[in-house]
Amino acid sequence: MEKLFSVPLKGGTITDVYTCSPDDVERTISSYPSSLSVFDDNTAKAYGKSIDSMSLILPHGEEHKNWASIDSILAKAIESGLARDSVFFGIGGGVILDMTAFAASIYMRGARCVLVPTTLLSAVDATLGGKTGIDYGGAKNTVGTFFPSESVLICTELLKTLPESEYRSGLGEVLKHALLSENAELWNFLLDNKDKVLSRDGNTVSEMIRLSLEVKISYITRDPEEKKGIRSALNLGHTFGHALESLYDYGISHGEGVAWGVVRALEAGEAMGITSHSLSSSASELFRLYGFDEGFRIPEDLFGRYFKAIGKDKKKKSGEVRFVLLEGQGRPVLKPIDEDLVRRIVTKRA
Ligand SMILES: NC(=O)c1ccc[n+]([C@@H]2O[C@H](COP(=O)([O-])OP(=O)(O)OC[C@H]3O[C@@H](n4cnc5c(N)ncnc54)[C@H](O)[C@@H]3O)[C@@H](O)[C@H]2O)c1
């Protein structure tokens with residue numbers, strides 16, 4: 001196991017991030033006298049190790065990110081005699097990690113938690129920063145806590161079984177991190193290593209995750225509880241993207257939506273005189289290089305529904321939706337965009 005980072009978070013807590021193999025994960029689990037490992041049915045298979053009585057397998061999918069699953073985790077923890085110093089291992093994508101950490105945060109007023117991401121998206125986005133939770137009342141992540149895990153174990157080997165669409169979804173977030181980075185390292189890495197990234201070469205994926213996490217860390221450590229507006233920058237592309245996902249009933253993956261949304265945010269910034277043309281066009285090129293359909297536009301007659309979906313954005317402040325725009329690479333600003341400009345950007349090809 002190699003330690004990549006020690007990340008200082010809320011209230012002086014620290015999350016240690018390691019790269020490792022599935023055998024290391026197995027050894028780590030057995031090193032604790034009392035633990036519970038939580039999987040979904042796909043990640044239990046991908047993990048490939050024996051699943052013992054100290055494990056719980058939940059059904060996969062966002063529709064199971066709910067109280068019933070939390071109830072199952074807590075019931076299993078009680079039945080297994082877990083104490084406050086026992087460790088909850090979440091082994092899965094963002095859904096399993098968010099729920100395991102949420103259950104750990106409320107079990108006996110806070111047990112211990114270790115996360116093992118098995119999707120690219122969860123490795124670069126859902127492991128650090130302490131956001132836990134479930135979907136409730138028809139909306140995503142409405143109930144939850146801030147509860148940073150004590151460590152994160154990243155095994156690129158586990159990503160090999162990930163369906164292509166899920167891998168691409170994670171890549172959308174990685175490319176977004178490249179734009180949010182204050183330096184060119186991740187961007188250049190992506191330009192130089194496209195084939196190895198797409199064929200999931202282990203060392204390449206590992207380095208890409210490290211560089212991507214470096215960017216996320218620089219934002220969350222400056223705003224651990226999302227109170228200063230710095231962390232909101234990580235939502236670059238999300239307002240445009242979520243509305244697209246919702247318009248097409250989530251037939252578009254989250255990462256595809258984000259990728260499309262990032263390019264729209266840059267175009268909007270350019271039209272508002274905030275973003276340079278060269279940044280906007282080189283970002284479009286990067287997304288195209290990775291096969292994202294960044295030029296897609298929604299039909300004019302769907303704009304009303306699309307704009308309504310934008311209005312539901314949870315980043316609303318005092319009734320106003322604020323978009324993350326870029327004054328330059330790694331220089332985000334939050335601004336409202338008027339309806340006419342949104343219409344121009346999302347419905348007409350430039
Ligand atoms: N806490 C945070 O900061 C944070 C950040 C971003 C996203 N999230 C949350 O993460 C969730 C999305 O995460 P996700 O995209 O990982 O979705 P997910 O957990 O639903 O995983 C996607 C699909 O891939 C399957 N899968 C996972 N790993 C696999 C593997 N190695 N092999 C084969 N199949 C595998 C899963 O069973 C699932 O069907 C959302 O609920 C979102 O709210 C949280």
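Note that this is a predicted model, so its numbers are computed, not measured. All heavy atoms count here, side chains included; hydrogens, waters and symmetry mates do not. Position 1 is the first residue of the sequence, and the numbers go up from there. Each ligand, and each atom within it, is numbered from 1 in the order the structure gives.
- Heavy-atom contacts of D125 reach the following atoms of ligand 1: 2 (C), 3 (O), 4 (C), 5 (C), 6 (C) (cutoff under 4.0 Å).
- Heavy-atom proximity to K131, at under 4.0 Å, picks out these atoms of ligand 1: 1 (N), 3 (O).
- In this structure, of E166, H64, K140, the residue bringing a heavy atom nearest to atom 23 (C) of ligand 1 is E166.
- Aromatic ring centroids of F323 and F240 lie under 6.0 Å apart.
- In this structure a side-chain-to-backbone donor-acceptor pair under 3.5 Å is present from R231 to G129.
- In this structure, R305 fails the cation-pi test against F303, since its NZ or CZ atom is not both closer than 6.0 Å to the six-membered ring centre and inside 45 degrees of the ring normal.
- Across the listed options T118, I220, D98, T161, T161 owns the non-hydrogen atom lying nearest to atom 32 (N) of ligand 1.
- Using a distance-only test at 3.5 Å, with no hydrogens or angles considered, no donor-acceptor pair links the side chain of Y107 to the main chain of F88.
- By the 6.0 Å and 45° rule, R168 does not stack over the aromatic ring of Y290.
- The shortest separation from a heavy atom of P163 to ligand 1 is under 4.0 Å, placing the residue in contact.
- Among protein heavy atoms, atom 37 (O) of ligand 1 sits closest to D40 OD2, 2.7 Å.
- Near K65, the atoms of ligand 1 lying under 4.0 angstrom from a non-hydrogen atom of the residue are 9 (C), 40 (C), 41 (O), 42 (C), 43 (O).
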